Amino acid sequence: MNLDGPGGAVADGGGTHGVRAAGRRPHRAAVMRMTMSAPTLNHRATGYDARQAYCMAKAAELAYHDRDRIEATAAEWGFDRVRHHAAVFEPPFALSDAQAYTMADRRMVVTAFRGTEPARLRDWLSDTTTPPRPGPAKTGLVHYGFAEALRAVFPSVLRAVEELRDDERTIWFTGHGLGGALAMLAAARLHFEDPRLAARGVYTFGQPRTCDKSLADAYDKALAGRTFRVVNNNDVVARVPPAPPFHHVAALRHIDSTGRVRESAPAVSGLLDRGKGLAADPFAPASDGVRDHRVKAYLVALEKNLP
């Protein structure tokens, strides 16, 4: 199981769009209780929504599973159509594949990109010598590795979105870690290159810095109120690649050391949080930064913040 992935927990569902943690098949009464209390995906959600964030994190987690599990869980959530995306590419680093899935029901289309272990991204995220690539519609610049990963998988994603989307369905993107970078870039490509397919919402979790300031500023202006970058406390992946030259998009939602979701990371408390548990090697498996990056850690915190 990927360290960047579920970390022992798997996705499951209940109700039309219910999302719950999996385990042994529960008693029927328990199913009813979980179905009634489970958060639901909202195809018309606007602004940051705690329930939407939790459900999108579950969708991002599901991307770490195999095709059969993705299709079965999507069906339990009420999404009866699923398309899978996988591509290989040749960056100068260890990672050479990108994966995602797209699911649709009668109200929304959701694409979730898979992440990977932070250790596999170490070379990518510390590299400042490989020239970046032009951004969507030649807007700004994008980190070389992320640009190549999206270039490889995007044609399949675009075909699925075009196939499954209609005037009634809204489009959503999500992803964890590397998947968050690809989700943001996919939304950017659609907005700047094919506005008729513009995303209704984008939720990323533990997303690394993905592009330069020019693209980040253009993206923030274009998708204001529709993109939310969630970062869990000391998550090491969210602190790389170095800035400058790379920048984050805005609309941060920071999970502090108590598990509370805040609209920003206050300067003083943010420094205190980052001082807790940091190891000499931030990518070491036992480091606070790697533990905070696990998708399970995001799910636990986001569930606690449900209204």
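All of these numbers come straight from a predicted model, not from anything done at the bench.
For the pair Ala100 and Thr111, the tightest heavy-atom approach, listed with the atom from each and the gap, is CB-CG2, 4.5 Å. Residues Arg226 and Ala222 approach most closely at NH2-O, 2.7 Å, considering heavy atoms. Nearest heavy atom pair, residue Glu71 against residue His84, reads OE2-NE2, 2.8 Å. Across Ala147 and Arg133, no two heavy atoms sit closer than the pair CB-CB, 3.6 Å.
Contact check on Lys58 versus Glu61 returns a salt bridge, with a Lys/Arg side-chain nitrogen under 4.0 Å from an Asp/Glu carboxylate oxygen.
At least one side-chain heavy atom of Asn234 sits less than 4.5 Å from a side-chain heavy atom of Arg239. Within the 4.5 Å cutoff, no side-chain heavy atoms of Arg114 are placed close to those of His85. No side-chain heavy atom of Phe246 sits less than 4.5 Å from a side-chain heavy atom of Thr210. Pro132 has its side chain out of reach of Val142: every pair of non-hydrogen atoms, C-beta onward, lies at least 4.5 Å apart. Side-chain contact between Leu190 and Leu158 is present, with at least one heavy-atom pair separated by less than 4.5 Å. Using a 4.5 Å cut-off on side-chain heavy atoms (C-beta onward), Val300 and Lys296 make contact. At a threshold of 4.5 Å between non-hydrogen side-chain atoms, the residues Asp288 and Asn233 count as touching. Arg107 places none of its side-chain heavy atoms less than 4.5 Å from the side chain of Leu41.
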Between Leu215 and Phe192, is a side chain to side chain contact (heavy atoms under 4.5 Å, CB included) present by the stated rule, with each step listed? CA-CA 11 Å; Leu215 177 55; Phe192 292 114; 4.1 Å; yes

Arg229 and Val202: CA distance, side-chain angles, deciding distance, side chain to side chain contact (heavy atoms under 4.5 Å, CB included) verdict: CA-CA 8 Å; Arg229 181 175 58 85; Val202 182; over 6 Å; no

Verdict with supporting geometry, Asp235 and His293, side chain to side chain contact (heavy atoms under 4.5 Å, CB included): CA-CA 5 Å; Asp235 187 337; His293 182 67; 2.9 Å; yes

Met108 vs Phe79, side chain to side chain contact (heavy atoms under 4.5 Å, CB included): CA-CA, chis, key distance, verdict: CA-CA 9 Å; Met108 64 195 305; Phe79 290 83; 3.7 Å; yes

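Side chain of Asn232 to main chain of Tyr298: no donor-acceptor pair is present (N/O by atom type, distance under 3.5 Å, no hydrogens or angles). Panel note: side chain Asn305, backbone Arg262; no donor-acceptor pair is recorded below 3.5 Å. No side-chain donor-acceptor contact under 3.5 Å links Thr102 to the backbone of Ala160. When atom types are taken as modelled, the side chain of Gln52 and the backbone of Asn42 share a donor-acceptor pair closer than 3.5 angstrom. His248 places a side-chain N or O within donor-acceptor distance of the main-chain N or O of Ala238, the cut-off being under 3.5 Å. Between the Arg165 side chain and the Val109 main chain, no donor and acceptor come within less than 3.5 Å of each other. Without hydrogens or angle criteria, Thr139 side chain to Gly135 main chain gives no donor-acceptor distance under 3.5 Å. Checked by atom type and distance alone, the side chain of Tyr219 never pairs as donor or acceptor with a backbone atom of Ala188 at under 3.5 Å.
In this structure, Gln207 CD and Leu182 CG are separated by 9.0 Å, a value rounded to the nearest 0.5 Å. Taking CG of Leu306 as the start and SG of Cys55 as the end, the distance is 8.0 Å to the nearest 0.5 Å. To the nearest 0.5 Å, atoms OH (Tyr54) and OG1 (Thr40) are separated by 12.5 Å.
Thr258 and Asp256 share a side-chain donor-acceptor pair at under 3.5 Å. There is no side-chain donor-acceptor pair under 3.5 Å between Glu168 and His43. A donor and an acceptor atom, one from each side chain of Thr170 and Trp172, are located under 3.5 Å apart.
Every pair passing ring pair (Phe, Tyr, Trp, His ring centres under 6.0 Å) that includes a residue from residues 225-245 is listed here, sequence neighbours excluded: Tyr48-Phe228, Tyr203-Phe228.
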